[in-house]
Amino acid sequence: MLFNSLEFLLFLPCVLSIYYLLPHRRQNAFLVLASCFFYASWDWRFLLPLLFSTTIDYFCAAKISALVEIDAPIAARRKYLYLSLVTNLGLLAFFKYFNFFIDSFHDLFLLGGIDLPKPALRVILPIGISFYTFQALSYTIDVYRGKLHATKSFWDFFLAVLFFPHLVAGPIQRASTLIAQVVEPRNTTRAQVIDGLHLIMWGFFKKIYIADRLAPIVNQVFDSPTGSGGETVVAVIAFAFQIYCDFSGYTDIARGVAKLMGFEFMLNFNLPYFATSPPDFWKRWHISLSSWLRDYLYISLGGNRDSIVRTYRNLMITMVLGGLWHGAAWNFVIWGLFHGAILIGHRFAVPVLEPITNRAHGFWRMPWLLLRIAGMFVLTCYGWLLFRATSLEQIVTMTTSLAQPLVGIPIDALRQVLVLIAPLIVVQIIQYNSERLEFHRLKWLPKTACAVIYALMLYSIVFLGGTPQAFVYFQF
Amino acid sequence: MSIKRFHLPARLRQIVSALGLVVLFVFTLEGAARVDDWIHYSAPLFKRYEFDHLFRVDGRGLSGAPNAQYLRWRLNADGLRGEDVRPNIGQIRILTYGASETFGIFEENGKEYPRALERELNRRAVPDQFEVLNAGLPGMRVGSGVTLFKELAGRFHPSVVIIYPTPTHYIGVNRPYCNRPPKPLLVISDLWPGIRIGDKLREEFKKIVPPTLQHEIRKISIRWQTRDQPLLDRVDEISLKAFRTDLICAIDAASALGMKPILVTHANRFGKNQLSDDPLRLTQWRQQYPELREAGFLDLELRANEIVRGLAKTQSVLLVDADKELSGETKWFADHAHFTNEGATALAVLLTPTILSITANLPR
């Protein structure tokens with residue numbers, strides 16, 4: 001049941017109308033049922049690994065919490081943490097990477113002239129497994145670190161993991177914030193309803209009007225690249241906005257739906273293409289994942305507490321695993337390597353860049369800011385080429401085409417891309433300058449203008465949208 | 001003297017303001033629909049824009065408006081669907097005469113059956129030897145179009161006329177329409193600019209709502225429309241007599257004008273074996289004529305096609321039995337009787353040998 005489907009448009013009002021009638025504890029029970037129904041609409045069997053891993057996590061966290069209370073030695077706690085880690089990562093590895101490793105080993109042996117038979121087992125990836133695994137892990141790790149008490153009710157924890165708005169593509173909620181919202185009674189305020197509806201509308205606009213209409217332009221080039229530099233540039237720019245509008249559109253809808261039920265989800269995107277440097281980009285792009293990787297992987301590896309070489313190593317490991325989290329394919333590994341490299345490169349460049357930034361005042365402030373934004377956008381776009389490519393050969397072909405003089409720019413496609421992204425850019429410039437993402441709450445924007453904007457957005461969603469496409473991040 | 005200023009109570013002010021915003025919202029949607037149509041189809045911004053803009057009504061009755069365009073449908077300078085009629089350089093002209101099935105509703109531009117027929121004939125003969133004129137007019141009864149086809153015959157001198165009649169247009173009819181000029185199905189004043197957003201929403205609704213739900217909605221609508229009306233199980237004999245008289249009228253007019261008529265039976269998507277979605281399609285059909293029960297449509301088709309076959313024999317007119325060859329092939333029909341691209345091509349292929357057989361000896 002995709003957010004951009006008729007089924008969901010019927011499902012949501014039904015859920016909301018029942019939800020508002022129920023008292024708090026029954027609301028939770030009802031949301032568990034609704035979320036199970038939502039997830040089972042893809043395949044009911046997907047519920048089994050989810051139920052298994054959450055049961056283990058609940059049990060481990062309860063044991064750890066009990067051991068913390070009696071001040072038991074850390075080794076005893078660690079045993080349960082490892083059990084949770086092995087279960088979650090084991091399931092993730094089996095479902096997500098089994099085929100990848102089998103194929104990679106097969107190809108490796110083939111290079112040595114040995115043609116091993118491939119096992120007949122092909123594993124189907126349960127939707128959203130990467131998201132809910134990380135979310136459940138944050139719970140046991142936080143309990144282990146003593147930042148969180150294990151919840152008494154299994155169903156509260158189950159709901160926190162299973163809650164349908166974030167289940168299949170995030171944002172990856174921290175257990176500490178979401179479980180508290182599940183346990184405490186919720187009152188949906190008028191402001192939450194207004195913000196929620198705004199987010200849903202804006203999310204659908206980004207997904208249906210922008211991302212789905214950019215998709216054919218992108219697919220045409222990536223499905224059969226001609227080696228023309230101009231074509232590659234337009235396709236990569238289009239993909240940069242497609243993936244952003246697709247994923248942030250999904251997140252906005254998820255956050256909006258959660259708000260309608262009185263939940264608050266964390267911000268997942270904060271104008272990422274306004275980033276001025278690689279670290280700034282990762283503070284703005286897929287924040288729930290990047291902060292998860294920082295808190296639970298990078299810091300666990302030692303972060304920047306040791307030597308500079310170890311810091312770089314930790315950065316690289318974090319980014320490569322972050323890349324691999326997206327999918328079991330070599331291009332995601334290369335994408336992670338690329339981002340690790342530019343993060344390290346940026347650390348080298350800081351002594352040069354910082355004095356310029358400090359001196360760029362008055363007239364020079366804006367050009368220098370724009371230059372940094374543009375520079376980071378170019379790097380990000382190259383990253384998206386690596387991300388979107390379907391094979392290593394394609395990466396080489398398209399990279400080579402970029403190295404040649406830019407000829408054969410498809411003007412029609414470029415014009416189409418610019419027309420599609422123009423409303424997004426206008427809104428984001430306003431958001432960037434006003435430093436608030438809820439543009440409908442801008443004081444200078446009268447209600448009449450809001451009515452016109454929402455009508456135009458609704459028209460674009462209903463009548464001008466592209467062919468419906470599944471959300472890109474559903475595959476992860 | 002102080003004048004007391006009138007203030008609306010706060011609550012009422014809020015309601016008025018909210019209503020104002022709703023009105024502005026709806027007006028913006030309507031404006032967006034109009035600008036969208038203007039950009040995509042050069043539609044007028046402030047006038048009504050509907051399917052019937054393709055047609056005009058004058059002293060001769062209803063006919064195609066020259067160079068009219070509505071969405072993807074375009075008429076040529078003579079008010080016929082398709083490219084402009086070529087100057088006469090000796091090509092054999094075929095006139096296709098009928099209602100919406102001939103005009104083309106669901107097919108892509110250039111894929112309607114007269115265009116497909118022209119391609120098929122020219123592919124099998126000398127290139128550009130044949131030119132097919134589309135004299136289809138949606139909603140036209142076979143008798144009432146005779147005036148129009150007489151006029152077209154006078155201007156373009158076609159050698160052959162293909163008559164593809166639509167029996168359902170005779171439901172409730174009790175006298176022939178021969179030589180009575182066709183009338184528009186609905187006359188709406190041009191002063192009323194219409195509400196385009198409503199039409200667009202209806203179209204979107206049809207796309208996303210499951211067919212079974214649409215079926216139920218149609219059934220409710222039909223029940224509502226016929227609540228005070230007696231229902232028919234089958235079409236009266238008098239209506240079929242009018243159909244027969246009109247067909248004879250068209251055949252006679254064609255012969256009198258020196259054209260060779262070819263009669264074609266009416267094909268539909270319902271075969272001998274009932275399919276699971278047949279009831280849905282029949283109800284969709286019935287929506288146009290709610291007074292006739294679903295089974296009555298199939299009965300009408302059978303009886304009308306028997307009349308066509310009988311007339312072909314008694315009047316010594318060539319017959320192409322489209323009903324026998326095409327009916328029941330669901331892929332050829334977009335709804336109950338209108339063709340898909342493939343269906344239009346299938347009819348064209350079916351007609352071609354008959355046309356070639358009678359045009360072989362015609363002077364070019």
Side-chain angles (χ1 to χ4, degrees), chain A residues 1-14 41 190-191 193-194 197-198 200-202 204-205 207-210 212-213 412 415-416 418-420 422-423 426 440-442 445-470, chain B residues 8 10-43 45-46 49-51 70-72 108 193-217 280:
Chain A
M1 194 190 303
L2 299 171
F3 280 178
N4 54 339
S5 67
L6 177 70
E7 290 85 352
F8 187 75
L9 290 182
L10 296 173
F11 170 79
L12 183 61
C14 291
S41 70
R190 188 168 173 267
V193 171
I194 293 171
L197 291 175
H198 161 80
I200 292 171
M201 177 84 99
W202 182 231
F204 275 124
F205 178 78
K207 165 66 183 158
I208 295 173
Y209 177 70
I210 305 179
D212 286 355
R213 287 188 63 179
D412 276 350
R415 194 184 301 132
Q416 232 177 311
L418 293 177
V419 167
L420 287 173
V426 170
H440 63 297
R441 294 201 167 278
L442 293 172
L445 198 66
K447 280 182 181 167
T448 46
C450 276
V452 171
I453 290 170
Y454 285 123
L456 292 176
M457 264 163 45
L458 183 66
Y459 187 85
S460 308
I461 292 166
V462 178
F463 300 110
L464 304 177
T467 312
Q469 316 263 334
Chain B
L8 281 173
R11 188 78 188 150
L12 190 60
R13 240 188 356 250
Q14 272 183 344
I15 294 170
V16 170
S17 148
L19 278 177
L21 288 176
V22 170
V23 170
L24 179 65
F25 186 85
V26 174
F27 266 82
T28 309
L29 281 178
E30 178 65 21
R34 285 168 183 272
V35 172
D36 186 20
D37 284 345
W38 176 65
I39 291 170
H40 284 102
Y41 308 109
S42 311
L45 271 175
F46 301 107
Y49 184 60
E50 283 166 19
F51 188 70
Y70 174 73
L71 303 181
R72 62 196 164 84
E108 287 169 46
I195 301 171
R196 285 191 215 167
I197 194 71
D199 295 338
K200 284 178 183 279
L201 279 173
R202 206 173 305 125
E203 287 305 309
E204 284 304 309
F205 180 80
K206 281 184 197 165
K207 278 187 219 162
I208 60 168
V209 173
T212 44
L213 182 58
Q214 289 190 45
H215 178 59
E216 293 307 317
I217 295 169
L280 275 67

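Both backbone and side-chain heavy atoms feed into the values below; hydrogens, waters and symmetry mates do not. So that the names make sense, note that chain A is the first sequence line, chain B the second, and so on, each numbered from 1. Note that this is a predicted model, so its numbers are computed, not measured.
Residues satisfying the side chain to side chain contact (heavy atoms under 4.5 Å, CB included) test with A/A449, not counting sequence neighbours, are A/L445, A/P446.
Within 6.0 Å of the CZ atom in B/F27, the count of heavy atoms belonging to other residues, nucleotides or ligands does not exceed 12.
For the pair A/L6/B/P210, a side-chain contact is recorded, criterion being any heavy-atom separation below 4.5 Å from C-beta on. You'll find the side chain of A/F463 reaches within 4.5 Å of the side chain of B/I197, heavy atoms only.
When all heavy atoms are compared, the tightest approach of A/L456 to B/A32 is CD2-CB, 4.0 Å. Closest approach of A/A455 and B/L29 over heavy atoms only: O-CD2, 3.2 Å.
B/V26 does not touch chain A: none of its heavy atoms, backbone or side chain, sits under 4.5 Å away. For A/L9, no part sits under 4.5 Å from any heavy atom of chain B, backbone or side chain.
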Chain A/chain B interface donor-acceptor pairs under 3.5 Å:
from   : atom 1 : to    : atom 2 : distance (Å)
A/Y459 : OH     : B/D36 : OD2    : 2.6

